[in-house]
Amino acid sequence: MSINNLYFIKIFMISYQSGAGQILICDFVNNIGNEINKKRPVIAFTAPTVQLRKSKLCHVIPLSTTEPEVIKDYHYKLTNLPKLPPPYLKNECWAKCDLVYTVSYERLSTPYFGKGPNGKRNYTPLFINRDDLLQIRKCIMRGLQFKTDLQIFEINI
């Protein structure tokens, strides 16, 4: 692991369990094969649990500004997305709900929008709306090839 990556982990990682629907930036470095291998926005899709909080893990799905070549029932187009900081500025993006990740807090940071008058970064928690989160959870179920629409998945939005 490079010095730059250690600096990022030490300074910018989240120290809390994110809420369901929160947009975070995930650093997918040091992956293997065709896995994502860059920083990109993600959505945390589960509510905080004691087990996840203790293990410092978070369930996320990646966002992409590139429309899938073939749109499947596990892709979800977000058009009402909160404004993200550069370089992620886009009016719409796609939730890739077939790519479920459980990642360490060390990979995650809150988006920031420049620096304030004190010279410190301005971190802004961003969330998608409840309806989009519910649709994303349904797309996750389809992406994982679960055929039933589990209502329990709608709890703790």
Side-chain angles (χ1 to χ4, degrees), residues 5 8-9 12-49 51-53 55-114 122-157:
N5 288 344
F8 176 83
I9 288 170
F12 303 112
M13 70 179 242
I14 63 171
S15 59
Y16 59 91
Q17 175 65 43
S18 61
Q22 185 171 3
I23 299 171
L24 299 163
I25 305 300
C26 186
D27 191 354
F28 288 104
V29 296
N30 301 323
N31 285 330
I32 299 170
N34 292 331
E35 296 173 344
I36 297 172
N37 200 16
K38 62 182 178 177
K39 288 182 189 175
R40 74 166 51 226
V42 296
I43 295 177
F45 65 88
T46 55
T49 63
Q51 181 181 4
L52 285 176
R53 202 172 296 124
S55 62
K56 296 187 177 183
L57 296 172
C58 184
H59 301 304
V60 299
I61 52 141
L63 299 178
S64 176
T65 56
T66 304
E67 181 174 335
E69 288 182 22
V70 178
I71 299 172
K72 302 284 187 175
D73 62 353
Y74 49 77
H75 294 126
Y76 185 72
K77 185 178 182 179
L78 285 158
T79 56
N80 193 22
L81 196 65
K83 186 177 178 182
L84 293 170
Y88 310 109
L89 292 171
K90 296 290 179 180
N91 292 335
E92 63 186 34
C93 67
W94 292 85
K96 299 192 169 200
C97 301
D98 58 327
L99 300 176
V100 175
Y101 288 88
T102 302
V103 296
S104 168
Y105 288 5
E106 293 177 354
R107 289 190 182 272
L108 300 170
S109 65
T110 305
Y112 70 93
F113 295 85
N122 290 327
Y123 290 95
T124 306
L126 301 174
F127 290 84
I128 61 172
N129 66 49
R130 179 182 164 84
D131 292 334
D132 283 337
L133 179 58
L134 184 58
Q135 292 305 316
I136 283 172
R137 286 179 169 178
K138 288 179 180 180
C139 288
I140 290 168
M141 298 298 285
R142 291 190 288 269
L144 296 175
Q145 300 183 0
F146 287 110
K147 301 300 180 194
T148 58
D149 202 13
L150 298 177
Q151 291 181 354
I152 194 165
F153 212 46
E154 296 178 19
I155 295 174
N156 295 326
I157 290 182

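Source: prediction; values computed, not measured.
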Pro111: partners by side chain to side chain contact (heavy atoms under 4.5 Å, CB included), with sequence neighbours left out: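 Applying side chain to side chain contact (heavy atoms under 4.5 Å, CB included) to Pro111 gives Ile25, Pro85, Leu126.
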
[atom2] on [Y] to [atom1] on [X], rounded to 0.5 Å:
X      : Y      : atom1 : atom2 : answer
Ile61  : Tyr101 : CD1   : OH    : 11.5 Å
Lys138 : Met141 : NZ    : CE    : 11.0 Å
Arg40  : Phe28  : CZ    : CZ    : 7.5 Å
Asn30  : Arg107 : CG    : CZ    : 7.0 Å
Leu99  : Ile36  : CG    : CD1   : 5.5 Å
Ile140 : Phe45  : CD1   : CZ    : 4.0 Å

For Asn37, all residues meeting side chain to side chain donor-acceptor pair (under 3.5 Å), sequence neighbours excluded: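 So Asn37 forms no side chain to side chain donor-acceptor pair (under 3.5 Å) with any residue.
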
Contacts of Asp132 that satisfy side chain to side chain donor-acceptor pair (under 3.5 Å) - sequence neighbours left out: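 So Asp132 forms a side chain to side chain donor-acceptor pair (under 3.5 Å) with Tyr76, Asn129.
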
Minimum-distance pair of heavy atoms, taken over all atoms of Thr110 and Thr124: CG2-O, 3.6 Å

Shortest non-hydrogen contact between Val42 and Pro62, atoms and distance: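 Heavy atoms of Val42 and Pro62 come nearest at CG1-CA, 3.8 Å.
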
Side chain to side chain contact (heavy atoms under 4.5 Å, CB included) assessment of Asp131 paired with Asn80: CA-CA 11 Å; Asp131 292 334; Asn80 193 22; over 6 Å; no

Those residues that, when tested against Glu92, pass salt bridge (charged side-chain N to carboxylate O under 4.0 Å, His left out) (two or more places apart): Lys77

Donor-acceptor pair, side chain of Arg142 and main chain of Asp98, under 3.5 angstrom: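 Not at all, since once roles are kept as given, no pair shorter than 3.5 Å links the two residues.
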
For Phe113, all residues meeting ring-ring contact (aromatic ring centres under 6.0 Å, His included), sequence neighbours excluded: none

Result of checking Leu63, Leu24, Val60 against Pro41 for side-chain contact (heavy atoms from CB on, under 4.5 Å): Leu63

Side-chain donor-acceptor distances from residues 65-75 under 3.5 Å, at least two apart:
| unit_1 | atom_1 | unit_2 | atom_2 | d |
| --- | --- | --- | --- | --- |
| His75 | ND1 | Lys72 | N | 2.9 |

